[in-house]
Amino acid sequence: MSKELTSRKEDYSKWYNDIVVKADLADHSAVRGCMVIKPYGYGIWEKMQQALDKMFKDTGHVNAYFPLFIPKSLFEAEEKNAEGFAKECAVVTHYRLKTDPNNKQKLIVDPEAKLEEELVVRPTSEAIIWNTYKGWIQSYRDLPILVNQWANVVRWEMRTRLFLRTAEFLWQEGHTAHATKEEAIEETKKMLEVYADFVENWMAVPVVKGVKTANERFAGADDTYCIEAMMQDGKALQAGTSHFLGQNFAKAFDVKYVTKDNKQEYVWATSWGVSTRLMGALIMSHSDDNGLVIPPKIAPTQVVIVPIYKGDAGLEKVSKVAHEIKNKLQAKNISVKYDDRDTQRPGFKFAEHELKGVPVRIAIGERDLENGTVELARRDELSKETVSIEGIEDRIETLLNDIQTNLFNKAKARTEALTTKVDSYEEFKKVLDEKTGFVSAHWDGTPETEEKIKEETKATIRCIPLNNPQEAGVCIYSGKPSTQRVLFARAY
RNA sequence: CGGGGUGUAGCGUAGCCCGGUAUCGCGCCACAUUUGGGAUGUGGAGGUCGUCAGUUCGAAUCUGGCCACCCCGACCA
């Protein structure tokens, strides 16, 4: 297999696909629209999970697990939610196969084994969870419930793309129940902050925090908060959402609690999630034509050591020093891989680790042994220098932090450069086509205008930024008065 | 679901028009020489040419059906 990547300039989507496949993150499977996440890709996802899980725990949440299947009657209970997801649901109708009487090698669905009630494979779990919460909540003393689950969900998308939109994907979904509206809204916003914190400080991807318009809102939510990221090609990617669900699910599933003064009230709800789609955000934020670039804080391997030697004796001498360095780094909680495979040559390893985005590479040869040095290379800048082995662990610790910061700053600068204020529809269309990116413009606040703009330009309102400055203006489309700018973009 | 395209070894391909059992590169295996940016040489393994049927003495090649995948659109909380 050739390791050559298609360049971004040549074909951005092909480049993306190449990285996913060639950096060993994931592959197409035998199942339409479903991918195999390979060990290296899963390793990155695990790093994301670990960081997020700790953040969830630190904000008082606990993990639980709910069923994959949702009886249709429960699924349809919350009307808007059901309607929103209905057209992309996989449905289980039978529970048994049998040998085909016409061909003993084949199996057919046993028509005798039809389910009384169909089971929907969860596209999201509000229904089954709120049906369960009904049994958990009687009094204000039972609240709040702050539960998260790590799970897979299925959404039968018409067209799929590795990590960005797959028929089955992995995610976490938090589902919380509260006594008051205020508390639920506070939770919704708190989790949005957690997501923004994670995506910016761990993934080094800058985001815009905001609220979705009614059109773009989660089916069944009163408000959807989101973080939006800008990719290298000028398209936006929704990186996470946090929903204030009001009392919609409590009403649909009849979940009430008794207040301190003995009154029956419906419970207030939130849900929030991020998925393996974050892998797509990661790739499209930092990677280059040489391959993946992973921020140190979520890199499965932060430092790789490549020995350069002649013969077994040479390897032994180099290995001794390599192991010393490895131990020193590990003592600082830096994850190190010593790549002493004797089946590949150094040049091959350099290229491979570059393709896979390992943040820092150390090369040690016999020349270095004489000088007490190593060659230190950083993936983000593709630069290298010769440094003393003395104190290398501190130097690398600093370097990893520098790389983390550098990646964020570069992505931040790009996002800012790709954000443009416009005041006319002509300008709006021109920027979308020629410059791309976020376009900040006045909008009259109506779904009709939003819909028209989407039809004509394929741009959607990504969000109304939080703490958005209020300024008088006129809608670029309708010319009606507006009080604030919103962010438009073409999106993934 | 509409429009377009492609199916030949693990991957990428030539051959197809004009029918005679398949070309090349990468990768793979063995051995040797190598090892500071994707090594070289020698030898070797690997293919029911997407699938089913038809035409023919003979089909990767011609004809028809089917299937899969890709791209564009529709769709995408």
Side-chain angles (χ1 to χ4, degrees), chain A residues 1-6 11 13-14 17-18 21-22 27-33 78 80-89 122-126 153 155-162 164-167 169 171 173 212-226 237-238 240-245 248 271-273 275 277 290-291 306-315 318 339-356 361-371 373-377 382-386 454-455 458 460 490-492:
Chain A
M1 179 178 68
S2 164
K3 294 286 185 186
E4 290 297 309
L5 290 178
T6 306
D11 186 339
S13 355
K14 199 148 185 278
N17 226 42
D18 276 1
V21 174
K22 290 180 177 169
D27 219 337
H28 291 285
S29 72
V31 189
R32 187 202 149 273
E78 208 294 323
K80 281 186 180 151
N81 184 248
E83 195 192 318
F85 284 102
K87 59 190 178 301
E88 51 193 60
C89 286
R122 63 179 168 214
T124 181
S125 300
E126 278 78 5
V153 288
R155 296 180 187 180
W156 214 265
E157 303 287 355
M158 286 180 173
R159 224 167 117 194
T160 58
R161 289 194 70 189
L162 293 170
L164 293 174
R165 182 171 294 110
T166 46
F169 57 92
W171 75 346
E173 45 182 328
K212 289 288 187 191
T213 61
N215 272 355
E216 300 283 326
R217 204 174 276 157
F218 175 77
D222 281 0
D223 257 319
T224 288
Y225 292 77
C226 64
L237 182 80
Q238 178 178 298
T241 47
S242 183
H243 315 292
F244 168 60
L245 301 175
N248 302 335
S271 70
W272 28 274
S275 71
R277 191 176 217 214
N290 293 295
V306 177
I308 295 155
Y309 57 93
K310 290 184 171 67
D312 288 348
L315 176 60
V318 171
D339 186 359
D340 60 351
R341 288 175 296 172
D342 61 357
T343 49
Q344 305 297 155
R345 301 167 81 246
F348 179 92
K349 293 178 187 177
F350 292 171
E352 182 176 68
H353 294 122
E354 236 157 61
L355 176 64
K356 290 190 153 194
R361 182 186 72 232
I362 299 174
I364 315 175
E366 295 185 61
R367 192 169 78 202
D368 293 303
L369 296 184
E370 288 165 20
N371 303 332
T373 59
V374 296
E375 183 189 85
L376 199 56
L382 289 169
S383 60
K384 50 192 181 185
E385 54 180 336
T386 302
K454 183 181 174 182
E455 274 170 32
K458 290 183 189 165
T460 49
R490 293 194 178 125
Y492 278 100

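The basis for the numbers below is simple: all heavy atoms, side chains too, and nothing from hydrogens, waters or symmetry mates. All values reported here derive from a predicted model rather than from experimental measurement. Chain letters run A, B, ... following the sequence lines, proteins first, then strands; residues in each count from 1.
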Next item on the list: Specify the residue among A:G33 and A:G84 whose closest nucleotide of RNA chain B lies further upstream toward the 5′ end.
Entry: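 Checking each residue's closest nucleotide, the 5'-ward one belongs to A:G33.
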Tell me which of A:F85 and A:K458 sits closer to the 5' end of RNA chain B, going by the nucleotide each one is nearest to.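 In this pair, the answer is A:K458.
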Distance-only polar pair, side chains of A:E126 and A:S271, donor-acceptor under 3.5 Å:
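Per modelled atom types, A:E126 and A:S271 side chains form a pair under 3.5 Å.
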(message) I'd like to know if the side chain of A:H243 pairs up with that of A:D223 as donor and acceptor (distance under 3.5 Å, no hydrogens or angles considered).
(response)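 No, no side-chain donor-acceptor pair sits under 3.5 Å.
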_My understanding is that only residues two or more places apart in sequence, or in another chain, count here; which of them pass side chain to side chain contact (heavy atoms under 4.5 Å, CB included) with A:E375?_
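A:R361, A:A363, A:K384.
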Exercise for the section: Please answer whether the main-chain N or O of A:L245 pairs with a side-chain N or O of A:N248 as donor and acceptor at a distance below 3.5 Å. Expected result: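 Side chain of A:N248 to backbone of A:L245: a pair is present.
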Which whole number of Å gives the distance between the [atom1] atom of [N] and that of [M]?
{"N": "B:G47", "M": "B:C62", "atom1": "P", "answer": "25 Å"}
{"N": "B:G27", "M": "B:G54", "atom1": "P", "answer": "43 Å"}
{"N": "B:G12", "M": "B:C70", "atom1": "C1'", "answer": "15 Å"}
{"N": "B:A45", "M": "B:G4", "atom1": "P", "answer": "45 Å"}
{"N": "B:C26", "M": "B:U40", "atom1": "P", "answer": "8 Å"}
{"N": "B:U63", "M": "B:G3", "atom1": "C1'", "answer": "25 Å"}
{"N": "B:C11", "M": "B:U56", "atom1": "P", "answer": "36 Å"}
{"N": "B:A22", "M": "B:C16", "atom1": "P", "answer": "16 Å"}

Q. A:N17 versus A:L162: any side-chain heavy-atom pair under 4.5 Å?
A.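 Yes; the side chains approach each other to less than 4.5 Å.
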Taking Watson-Crick and G-U wobble contacts under 3.5 angstrom, with | marking pairs to another strand and [ ] crossing pairs, the secondary structure of RNA chain B is written (((((((..(((.......[...))).((((((.....)))))).....(((((..]....))))))))))))....
Among [options], which nucleotide has an atom closest to any side-chain atom of [X]?
{"X": "A:M158", "options": "B:C75, B:G38, B:U35", "result": "B:C75"}
{"X": "A:E157", "options": "B:C76, B:G36, B:G37", "result": "B:C76"}
{"X": "A:R165", "options": "B:G37, B:G36, B:C76", "result": "B:C76"}
{"X": "A:R367", "options": "B:C76, B:G36, B:G37", "result": "B:G36"}
{"X": "A:P346", "options": "B:U35, B:C76, B:G37", "result": "B:U35"}

- Query: Partners of A:F85 by ring pair (Phe, Tyr, Trp, His ring centres under 6.0 Å), sequence neighbours excluded?
  - Reply: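 Partners of A:F85 by the ring pair (Phe, Tyr, Trp, His ring centres under 6.0 Å) criterion, ordered by chain and then number, come out as A:F218.
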task = Inspect the surroundings of CD in A:E83 and state if more than 12 heavy atoms from other residues, nucleotides or ligands are less than 6.0 Å away.
result =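 No.
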- Can you tell me if CG on A:N371 sees more than 12 non-hydrogen neighbours from other groups inside 6.0 Å?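 Counting other residues, nucleotides and ligands, CG of A:N371 exceeds 12 neighbours.
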- Query: Taking all atoms of both residues into account, what is the closest heavy-atom pair of A:R277 and A:R165, and its distance?
  - Reply: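 So the minimum-distance heavy-atom pair works out to NH2-NH2, 3.6 Å.
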>> Suppose we call a contact any N or O donor and acceptor under 3.5 Å apart; does that hold for the side chain of A:K384 and the base of B:G36?
In response: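 Such a pair does not exist between side chain and base.
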> Does A:E352 get its side chain close enough to the base of B:G38, under 3.5 Å, for a donor-acceptor pair?
Replying inline: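 Result: no qualifying N/O pair found.
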Requested in this report: State which residues pass side chain to side chain donor-acceptor pair (under 3.5 Å) with A:W171; sequence neighbours excluded, sorted by chain then number.
Outcome: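 So A:W171 forms a side chain to side chain donor-acceptor pair (under 3.5 Å) with A:E173.
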Practice task
Would you tell me if any nitrogen or oxygen in the side chain of A:K349 comes within less than 4.0 Å of OP1 or OP2 on B:G36?
Solution key: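 Checking B:G36 against A:K349, no side-chain N or O comes under 4.0 Å of OP1 or OP2.
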Tabulate protein N/O versus nucleotide N/O from nucleotides 2-7 of chain B, keeping only pairs under 3.5 Å, one per line.
none

Do A:R341 and A:E352 sit within salt-bridge range, that is, some charged N less than 4.0 Å from a carboxylate O?
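Looking at A:R341 and A:E352, the cut-off is met.
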Close N or O pairs between protein and nucleotides 31-34 of chain B (under 3.5 Å):
from  : atom 1 : to     : atom 2 : distance (Å)
B:U34 : O2     : A:R345 : NE     : 3.4

